[in-house]
Amino acid sequence: MKFGKLQDISQVDFSLPSTPEATRYVLQQQDSDAPKQFFIGCTGWSMKEWVGKVYPKNTKAKDFLKAYGNQFNTIELNTTHYRIPNPSTIEKWYQETPEDFQFCPKIPQVISHSRDLGFSGGQLPAFCEAISGLNEKLGCCFIQLPPYFNTDRIKIIENFLTRWPKTMLIAFEIRHKSWFQDSKALLDLHTLLVENNAAFVITDVAGRRDVLHQMVSNGLTMVRFVGNGLHPTDYSRIDNWIDQLKEWLEAGLQKVYFFPHEPDNILAPDLSQYVLEQVQAKLQVEVRGPKIGDHREGEQISLF
């Protein structure tokens with residue numbers, strides 16, 4: 001992720017903002033008896049650099065997804081941003097992942113970067129039909145709105161939601177600065193998402209602290225966390241997030257999708273393992289994540 005990246009992070013205030021009242025209100029409305037789930041994943045599985053450390057030694061490229069699924073319980077599926085997958089691809093993804101695995105597909109660019117978010121075309125229903133083949137392994141889709149998508153376009157989001165299937169979860173990532181300069185516009189969007197059981201994406205990146213809005217609009221949150229090459233602040237920031245999510249889970253949050261990003265994705269499993277360790281130590285949730293290290297040839301990766 002290049003958005004918001006900085007070469008020099010020495011002057012960045014990485015503290016998390018306080019929880020908005022709108023978030024507190026939504027969490028109070030959630031079912032307190034619902035199970036708590038925590039999903040940890042990266043942005044792709046086609047990483048030859050992970051062989052022998054994240055994947056068993058000598059893992060072939062054709063088996064990367066299976067090896068990934070043994071380590072992680074979700075993925076930020078960026079490949080769907082560039083093309084709508086065909087049925088055979090969907091079936092392959094489904095068959096090669098464990099029962100508890102969830103895919104979080106990124107809405108195709110032809111939809112997210114179109115004038116009307118695909119409202120008038122056929123790509124949106126085609127995408128929804130395709131990913132419905134993931135069945136119970138379909139997690140939360142997310143749409144990354146383009147940099148020019150400002151507060152004047154909220155009606156377009158409203159129209160989009162009228163066509164989005166109510167049975168599919170979706171989260172919105174907003175980036176234009178107008179959303180964070182106009183508190184009423186952000187609250188209006190929050191209300192719209194609450195009414196449609198849609199979620200916010202929260203992005204934590206050094207160069208754009210405004211997108212760290214801490215808005216939650218239903219029982220889940222999706223956090224895209226951008227690290228800086230395992231700099232010491234990556235770990236202290238994770239510690240802060242675990243404390244924040246503990247508070248939200250105790251207040252009513254039910255599901256967390258947490259996606260650690262590192263440069264070129266290479267070190268993302270290392271930070272993911274740290275996330276897992278902290279979750280297991282401090283949170284009462286269902287979770288599964290990576291156990292990485294040097295894997296001997298032919299040896300299966302231990303999940304526990």
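In this text, all values refer to a predicted model and were calculated from it rather than measured experimentally. If you read the sequence from its start, that first residue is 1, and numbering goes on from there.
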Are any of the side-chain heavy atoms of Asp63 and Tyr55 separated by less than 4.5 Å?
no

So do the side chains of Ile157 and Ile143 get within less than 4.5 Å of each other, counting heavy atoms only?
no

When you check the side-chain N and O atoms of Lys36 and Gln284, is any donor under 3.5 Å from an acceptor?
no

Which heavy atom of Val201 sits nearest a heavy atom of Glu173, and at what distance?
CB-CB, 3.7 Å

Gly69 and Pro98: which non-hydrogen atoms are nearest, and at how many Å?
O-CG, 3.3 Å

Any donor-acceptor pair under 3.5 Å linking the side-chain atoms of Thr89 with those of Asn86?
yes

Verify whether the ring centers belonging to Trp45 and Phe64 lie closer than 6.0 Å.
no

Taking atom CD of Glu136 as the centre, does the number of heavy atoms from other residues, nucleotides or ligands within less than 6.0 Å exceed 12?
yes

Can you tell me if CD on Glu49 sees more than 12 non-hydrogen neighbours from other groups inside 6.0 Å?
yes

Could you work out, with salt bridge (charged side-chain N to carboxylate O under 4.0 Å, His left out) as the rule, every residue matching Lys166, not counting sequence neighbours?
none

Less than 4.5 Å apart, any side-chain heavy atom of Thr79 and any of Trp93?
yes

Please give the remaining members of the hydrophobic cluster of Phe14, linking ILVMFWY side chains under 4.5 Å, ordered by chain and number.
Leu6, Ile9, Val12

Check this for me: Gln29, atom CD, are more than 12 non-hydrogen atoms of other residues, nucleotides or ligands nearer than 6.0 Å?
yes

Do any side-chain atoms of residues 128-135 form donor-acceptor pairs under 3.5 angstrom with protein atoms, and if so which ones, sequence neighbours left out?
unit_1 : atom_1 : unit_2 : atom_2 : d
Ser132 : OG     : Glu129 : O      : 2.6
Asn135 : ND2    : Gly133 : O      : 3.2

One thing to verify: whether Asp100 and Lys137 come together as a salt bridge, which I'm taking to mean a side-chain N less than 4.0 angstrom from a carboxylate O.
no

What are the two closest non-hydrogen atoms of Asp13 and Arg209, and how far apart are they?
O-NE, 3.3 Å

Please report the closest heavy-atom contact between Ser217 and Ala198, naming both atoms and the distance.
OG-O, 2.6 Å

Indicate yes or no: at least one non-hydrogen side-chain atom of Phe127 is less than 4.5 angstrom from one of Pro105.
yes

Aromatic ring pairing His113/His81, orientation class (parallel under 30°, perpendicular over 60°, tilted between)
perpendicular

Kindly list each side-chain donor-acceptor pair under 3.5 angstrom involving residues 248-259, sequence neighbours excluded, with atom names and distances?
unit_1 : atom_1 : unit_2 : atom_2 : d
Trp248 : NE1    : Thr19  : OG1    : 3.0
Glu250 : OE2    : Lys246 : NZ     : 2.6
Tyr257 : OH     : Gln102 : OE1    : 2.4

Restricting to non-hydrogen atoms, name the atom on Phe72 and the atom on Val54 that form the minimum distance, rounded to 0.1 Å.
CE1-CG1, 4.3 Å

In short, Val226 meets Asn228 closest at the heavy-atom pair O-ND2, 4.2 Å

Taking only residues two or more places apart in sequence, or in another chain, which ones meet Val211 in a side-chain contact (heavy atoms from CB on, under 4.5 Å)?
Phe3, Phe180, Thr203, Val205, Arg208

What residues form a salt bridge (charged side-chain N to carboxylate O under 4.0 Å, His left out) with Asp188, not counting sequence neighbours?
Lys184

